[in-house]
Trainee: 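For reference, the structure I am asking about is given below.
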2 protein chains.
Amino acid sequence: MQKPKDQLEVFKELLTRKGLKYTHERESIYEEVRAINHHFNADSLYERFKKRGERIARATVYRNLPLLLESGVVQKSAGNGKRDFYERTRTKGHHDHMVCLGCRKIIEFHSDELEQIQEQLSRKYKFKLVFHDHRLFGYCEKCQS
Amino acid sequence: MQKPKDQLEVFKELLTRKGLKYTHERESIYEEVRAINHHFNADSLYERFKKRGERIARATVYRNLPLLLESGVVQKSAGNGKRDFYERTRTKGHHDHMVCLGCRKIIEFHSDELEQIQEQLSRKYKFKLVFHDHRLFGYCEKCQS
DNA sequence: TCTCAATTGAGATTTAGTTTCAATAAGAAT
DNA sequence: ATTCTTATTGAAACTAAATCTCAATTGAGA
Ligand SMILES: [Mn+2]
Ligand SMILES: [Mn+2]
Ligand SMILES: [Zn+2]
Ligand SMILES: [Zn+2]
């Protein structure tokens, strides 16, 4: 019975593996991201720091999100625009998104089967899967009039 | 035994359904897109017209690709950058992409199972699926040193 | 043929994300 | 504790991609 490796550990390991440093800014960003329960993007995250008076540069936020993504602390999400959206992993567990072309509504879904097939395919192509972006575009029930 | 509805028909039907017109520009773009056998983006498509002296505005190309996407004439693809890439449907049949975070190499894959599950999920959520964007990010064999 | 909303071209504009570079900080080595 | 090397940061400039603006034009139904 082993204690599950916590996400901060994994994040730090990624940094080490890449020869990067665990800075105050990275600590703040890590913590903030873990506290958000919904979808967000780089700028909305930046605004949270700004609003509370914590000075972290916008560029720093942009620079670090990809690392959190790669370490699995956050996952790709979907928003109403075309910018990069994220959400904390394990808020509701991993899931993917359907985007309505009519009203931009987001429907979340999850399928273990789907996830497993992705793993299988990755193995087949000797691809080391880190994360994925899977969005279905179409029309929600309301918009199918 | 019914003749399969050709793609131009489907495109025209989409236009009609949306109250849009079948212009010369749309015709040109439709034909050009059908003639490209590889991945492309709005600008590379625009350049093809420019090079051969056919004047179609860049904005017109940008404006119309989403319609071709929605009608299924083209599908979302993946390129080396983060812009929107497309490719003609039925060049090699529908497929999705793995993107190497190391060298940006693109691996194409296809899985009927995966496609079926997407259909199932869409049905479950009463979502009318039009197209999807499914990309796996990770490291290709070479970049896993 | 008439009418009118949709479309286009050309350039300006917006948006999202990246780059630059001097100053600073992390953290390994001494 | 001090030195050293390299990564990191902030702030603003910049770039890339896509969208918007608006007057002139065109498609297609009446
Ligand atoms: Mn979500
Ligand atoms: Mn492809
Ligand atoms: Zn909708
Ligand atoms: Zn690679």
Side-chain angles (χ1 to χ4, degrees), chain A residues 8 11-30 32 39-50 52-71 74 76-86 101 104 133 137, chain B residues 8 11-30 32 39-50 52-71 74 76-86 101 104 133 137:
Chain A
L8 184 55
F11 181 41
K12 285 181 174 173
E13 274 168 23
L14 178 89
L15 295 177
T16 305
R17 179 152 44 79
K18 295 200 161 194
L20 307 180
K21 297 168 181 174
Y22 186 62
T23 62
H24 294 309
E25 289 80 3
R26 287 192 172 133
E27 184 178 35
S28 282
I29 293 171
Y30 170 84
E32 193 64 23
H39 298 181
F40 65 90
N41 59 49
D43 276 302
S44 66
L45 178 53
Y46 166 66
E47 288 301 331
R48 290 172 67 103
F49 290 117
K50 196 173 175 186
R52 89 155 74 114
E54 189 172 343
R55 278 195 316 303
I56 293 187
R58 214 172 64 95
T60 300
V61 174
Y62 270 97
R63 282 193 276 241
N64 285 302
L65 278 171
L67 296 172
L68 289 170
L69 187 63
E70 187 161 354
S71 64
V74 299
K76 278 260 178 189
S77 180
N80 50 305
K82 89 227 61 176
R83 54 157 65 200
D84 288 343
F85 274 81
Y86 303 89
L101 295 169
R104 290 281 144 186
D133 184 358
F137 294 87
Chain B
L8 183 55
F11 181 41
K12 285 182 175 172
E13 274 167 25
L14 179 90
L15 294 177
T16 305
R17 178 153 43 82
K18 296 202 160 195
L20 307 180
K21 297 168 179 173
Y22 186 62
T23 63
H24 294 309
E25 290 79 2
R26 287 191 172 133
E27 184 178 35
S28 281
I29 293 171
Y30 170 84
E32 192 63 23
H39 299 181
F40 64 90
N41 59 50
D43 275 305
S44 67
L45 178 54
Y46 166 65
E47 288 302 329
R48 291 172 67 104
F49 291 117
K50 195 173 174 187
R52 89 154 75 113
E54 190 171 343
R55 277 194 317 303
I56 293 188
R58 219 171 62 89
T60 300
V61 174
Y62 271 96
R63 282 193 276 242
N64 285 301
L65 277 171
L67 296 172
L68 289 171
L69 189 62
E70 186 161 354
S71 65
V74 298
K76 279 257 178 191
S77 181
N80 49 304
K82 88 224 60 174
R83 53 163 39 191
D84 288 343
F85 275 82
Y86 303 88
L101 295 169
R104 291 281 144 184
D133 185 0
F137 294 87

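Order of the sequence lines fixes the chain letters, A, B, ..., with proteins taken first and strands second; residue numbering starts at 1 for each chain.
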Trainee: Just how far, in rounded Å, is C1' of D:dG10 from NE2 of A:H24?
Mentor: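 Answer to the nearest Å: 15 Å.
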
Trainee: If you compare every side-chain N and O of A:N64 against the phosphate oxygens of D:dT9 (OP1, OP2), does one of them come in below 4.0 Å?
Mentor: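 So the side-chain polar atoms of A:N64 do come within 4.0 Å of the phosphate oxygens OP1 or OP2 of D:dT9, strictly under.
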
Trainee: A:D43 and A:R83: side-chain contact (heavy atoms from CB on, under 4.5 Å), yes or no, with the steps?
Mentor: CA-CA 10 Å; A:D43 276 302; A:R83 54 157 65 200; 3.1 Å; yes

Trainee: As an exercise, state the distance from OH of B:Y30 to CG of B:L8, rounded to the nearest 0.5 Å.
Mentor: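 Answer for the OH-CG pair, B:Y30 versus B:L8, is 4.5 Å.
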
Trainee: Ignoring backbone atoms, establish whether B:Y62 has a side-chain N or O less than 4.0 Å from OP1 or OP2 of D:dT19.
Mentor: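 No, because none of the side-chain N or O atoms of B:Y62 sits under 4.0 Å from OP1 or OP2 of D:dT19.
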
Trainee: Kindly say if A:R26 contacts the phosphate of D:dT8, meaning a side-chain N or O under 4.0 Å from OP1 or OP2.
Mentor: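 A:R26 to D:dT8 OP1/OP2: side-chain N or O found under 4.0 Å.
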
Trainee: Report the residues that fulfil side chain to side chain contact (heavy atoms under 4.5 Å, CB included) with B:T60, sequence neighbours left out, ordered by chain and then residue number.
Mentor: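 Counting only residues at least two positions away or on another chain, B:T60 forms a side chain to side chain contact (heavy atoms under 4.5 Å, CB included) with B:E25, B:I29, B:I56, B:A57, B:R63, B:N64.
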
Trainee: Just verifying a value: how many Å separate A:Y86 OH and A:L69 CG, rounded to the nearest 0.5 Å?
Mentor: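 Rounded to the nearest 0.5 Å, the OH-CG separation comes to 6.0 Å.
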
Trainee: What is the 5' to 3' range of DNA chain C, first to last nucleotide, that sits under 4.0 Å from any heavy atom of chain A?
Mentor: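 Reading along DNA chain C, I get C:dA16 to C:dG27.
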
Trainee: Quantified as the angle between the terminal helix axes (five pairs each), what is the overall bend of the helix from C:dT1-D:dA30 to C:dT30-D:dA1 to 10 degrees?
Mentor: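 For the helix from C:dT1-D:dA30 to C:dT30-D:dA1, the axes at either end differ by 40°.
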
Trainee: Taking only residues two or more places apart in sequence or in another chain, which ones pass side chain to side chain donor-acceptor pair (under 3.5 Å) with A:Y46?
Mentor: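 With neighbours one apart ignored, the set is empty.
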
Trainee: Please examine the side chains of A:K18 and A:E70, heavy atoms only from C-beta on, and report whether any two atoms are closer than 4.5 Å.
Mentor: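 They are in side-chain contact.
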
Trainee: Answer with base, sugar-phosphate or nothing: what part of the nucleic acid does A:R55 contact at a heavy-atom distance below 4.0 Å?
Mentor: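 Contact class for A:R55: sugar-phosphate only.
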
Trainee: Could you check whether A:D84 gets within reach of a base, just the sugar-phosphate, or nothing at all, counting any heavy atom under 4.0 Å?
Mentor: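 Answer is sugar-phosphate: A:D84 comes under 4.0 Å of backbone atoms only.
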
Trainee: Give a yes or no on whether the backbone of A:A42 and the side-chain of A:Y62 come within a donor-acceptor separation of less than 3.5 Å.
Mentor: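 No, because the side chain of A:Y62 does not come within donor-acceptor range (under 3.5 Å) of the backbone of A:A42.
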
Trainee: Which of residues 42-49 of chain B sit near DNA chain C, with a heavy atom under 4.0 Å from it?
Mentor: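 Residues of residues 42-49 of chain B that come under 4.0 Å of DNA chain C do not exist, since none gets that close.
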
Trainee: What is the distance from CZ of A:R58 to P of D:dA11, rounded to the nearest Å?
Mentor: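 Rounding to the nearest Å, CZ of A:R58 and P of D:dA11 are 13 Å apart.
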
Trainee: If you take atom types as modelled and just measure distance, does the side chain of B:R83 reach the base of D:dA18 with a donor-acceptor pair under 3.5 Å?
Mentor: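 Flag unset: no donor-acceptor pair detected.
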
Trainee: If we only count heavy atoms from C-beta on, is the B:K76 to B:D84 side-chain gap below 4.5 Å?
Mentor: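 Touching, per the 4.5 Å side-chain cut-off.
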
Trainee: Give each protein N/O atom lying under 3.5 Å from an N/O atom of nucleotides 28-30 of chain D, with the pair distance.
Mentor:
from: D:dA28; atom 1: OP1; to: B:Y22; atom 2: N; distance (Å): 2.9

Trainee: Hey, what do you get for CZ (A:R48) to CD (A:E54), rounding to the nearest 0.5 Å?
Mentor: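 Spacing of CZ (A:R48) from CD (A:E54) equals 11.5 Å.
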
Trainee: For the atom pair CG (A:L67) and CZ (A:F11), what is the distance rounded to the nearest 0.5 Å?
Mentor: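 Between atom CG of A:L67 and atom CZ of A:F11 there are 6.0 Å.
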
Trainee: Working to the nearest 0.5 angstrom, can you tell me the gap between B:E13 CD and B:S71 OG?
Mentor: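 Result: 10.0 Å between the selected atoms.
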
Trainee: To check you understand the geometry: which heavy-atom pair defines the closest contact between B:L20 and B:R26, and what is its length?
Mentor: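 Closest heavy-atom pair between B:L20 and B:R26: CB-NH1, 3.9 Å.
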
Trainee: Counting the atoms with a prime plus P, OP1 and OP2 as sugar-phosphate, which does B:R63 contact under 4.0 Å by heavy atoms, base, sugar-phosphate, or nothing?
Mentor: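 Answer is base: heavy atoms of B:R63 come under 4.0 Å of a base.
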
Trainee: Going by heavy atoms in the side chains, are A:L65 and A:F40 under 4.5 Å from each other?
Mentor: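 In short, these two side chains touch, coming nearer than 4.5 Å.
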
Trainee: Within this structure, what is the NE2-CZ distance for the pair B:H39 and B:F85, rounded to the nearest 0.5 Å?
Mentor: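 Atom-to-atom, B:H39:NE2 and B:F85:CZ are 9.0 Å apart.
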
